[in-house]
Amino acid sequence: MDGISAMDTGNNGQMLSMNTEAVAEVKVLTSAYQAEYGRSSGIQVLSITKGGTNQFRGSFYDIERHSQWNKNSWANIQNGTPLAKSDQRDWGYSIGGPVGKPGGNNRLFFFYSHEFRPRTSGNVEYLIRTPTALERQGNFSQSRDNLGNLYPYIRDYTTGLPCSAGSTAGCFQYQGVLGWIPPD
């Protein structure tokens, strides 16, 4: 950013998040770097910030994302879960100009840019399935899928055979019970 590294050397991430209204120029270098870029072997992204001019100028932007504009997912509808709330808004402004009479013989200019990112979220449900007492003992014969159907098909990878409702040759079985992993 303006000739200064904005890379966090601890995790190779960026140290600052620049307001897009404050960026005047972006240059992307992919190879054949000069010595000034010696630390990097990958892509280089260079940016230069805006500055004030001899005329007053400014801008404003507003980017909004609201969950009420989205449809609930199929899985949430099947489980009776309401749409999660997620309202995000990125808005900001910039202003710049001369310190003195606009259009005059000025030598001092200013530029200011600011961005706001209010976020509101909630009503997010995380469904977690814990093993039953039988499953903790290796017996999956009474296990059910997400629709409530019996699903005792636990594949024994050492057989190399398929394990499904159509062919249970490769499924674990113990004492004639399908889906029970032998204790040994």
Side-chain angles (χ1 to χ4, degrees), residues 1-132 135-136 144-148 151:
M1 181 66 63
D2 291 331
I4 305 294
S5 176
M7 187 175 84
D8 183 353
T9 57
N11 67 2
N12 282 339
Q14 67 182 22
M15 283 197 309
L16 64 103
S17 179
M18 180 59 72
N19 177 352
T20 56
E21 285 295 307
V23 177
E25 180 183 334
V26 175
K27 187 188 326 183
V28 179
L29 302 175
T30 57
S31 63
Y33 306 132
Q34 295 92 355
E36 62 191 282
Y37 309 110
R39 184 173 185 274
S40 299
S41 61
I43 192 170
Q44 283 283 327
V45 179
L46 309 168
S47 60
I48 299 172
T49 56
K50 291 179 181 177
T53 64
N54 212 9
Q55 298 293 323
F56 285 107
R57 298 185 191 274
S59 63
F60 174 81
Y61 66 93
D62 185 14
I63 302 167
E64 298 187 28
R65 296 169 298 279
H66 297 288
S67 55
Q68 68 214 30
W69 298 341
N70 300 332
K71 186 175 186 231
N72 205 358
S73 70
W74 180 86
N76 282 354
I77 292 169
Q78 297 305 311
N79 292 325
T81 305
L83 180 66
K85 181 177 176 126
S86 176
D87 292 336
Q88 301 179 21
R89 189 172 180 197
D90 299 338
W91 66 277
Y93 63 92
S94 66
I95 186 166
V99 176
K101 182 180 174 189
N105 190 11
N106 297 303
R107 294 185 183 194
L108 185 60
F109 306 96
F110 76 94
F111 180 81
Y112 182 77
S113 176
H114 200 101
E115 183 174 58
F116 299 93
R117 294 183 179 177
R119 304 285 192 252
T120 304
S121 63
N123 196 30
V124 179
E125 284 189 25
Y126 298 99
L127 302 176
I128 299 171
R129 185 183 178 284
T130 58
T132 64
E135 290 172 345
R136 287 193 295 269
R144 302 197 172 268
D145 64 12
N146 287 342
L147 299 176
Y151 193 85

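Given the structure is predicted, the values throughout are model-derived calculations rather than measurements.
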Could you state the interatomic distance from [atom1] ([X]) to [atom2] ([Y]), rounded to the nearest 0.5 Å?
X: Glu25; Y: Ile48; atom1: CD; atom2: CD1; answer: 4.0 Å
X: Gln55; Y: Phe109; atom1: CD; atom2: CZ; answer: 10.0 Å
X: Arg57; Y: Ser94; atom1: CZ; atom2: OG; answer: 11.5 Å
X: Leu46; Y: Leu29; atom1: CG; atom2: CG; answer: 5.0 Å
X: Thr49; Y: Phe111; atom1: OG1; atom2: CZ; answer: 8.0 Å
X: Trp69; Y: Asp87; atom1: CH2; atom2: CG; answer: 8.5 Å

Do you know the tightest heavy-atom contact between [X] and [Y]?
X: Val99; Y: Phe110; result: CG2-CD2, 4.2 Å
X: Asn19; Y: Glu21; result: OD1-N, 3.0 Å
X: Asn72; Y: Pro82; result: ND2-C, 3.6 Å

Can you check whether [Y]'s main-chain N or O pairs, donor with acceptor, with [X]'s side chain at less than 3.5 Å?
X: Arg136; Y: Pro131; value: yes
X: Asn54; Y: Pro98; value: no
X: Asp90; Y: Arg65; value: no

Exercise. Hey, mind stepping through Arg129 and Glu135 against side-chain contact (heavy atoms from CB on, under 4.5 Å) and telling me if it holds?
Worked result: CA-CA 12 Å; Arg129 185 183 178 284; Glu135 290 172 345; 2.6 Å; yes
For this session: Kindly determine whether Glu115 and Arg117 satisfy salt bridge (charged side-chain N to carboxylate O under 4.0 Å, His left out), including the steps that lead there.
Result: CA-CA 7 Å; Glu115 183 174 58; Arg117 294 183 179 177; 3.0 Å; yes
For this session: Before giving the answer on side-chain contact (heavy atoms from CB on, under 4.5 Å), spell out for Thr120 and Arg89 the whole-Å C-alpha distance, their side-chain angles and the decisive distance to 0.1 Å.
Result: CA-CA 9 Å; Thr120 304; Arg89 189 172 180 197; over 6 Å; no
Problem set entry | Parallel, tilted or perpendicular: rings of His114 and Tyr93 (30°, 60°) |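 Plane angle under 30°, so parallel.
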For this session: Walk me through it: do Ser86 and Ser67 pass the test side-chain hydrogen bond (donor to acceptor under 3.5 Å, both in side chains)?
Result: CA-CA 5 Å; Ser86 176; Ser67 55; over 6 Å; no
For this session: Please indicate whether Arg119 has more than 12 foreign heavy atoms, meaning atoms of other residues, nucleotides or ligands, lying under 6.0 Å from its CZ.
Result: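 Buried by this count: over 12 neighbours within 6.0 Å.
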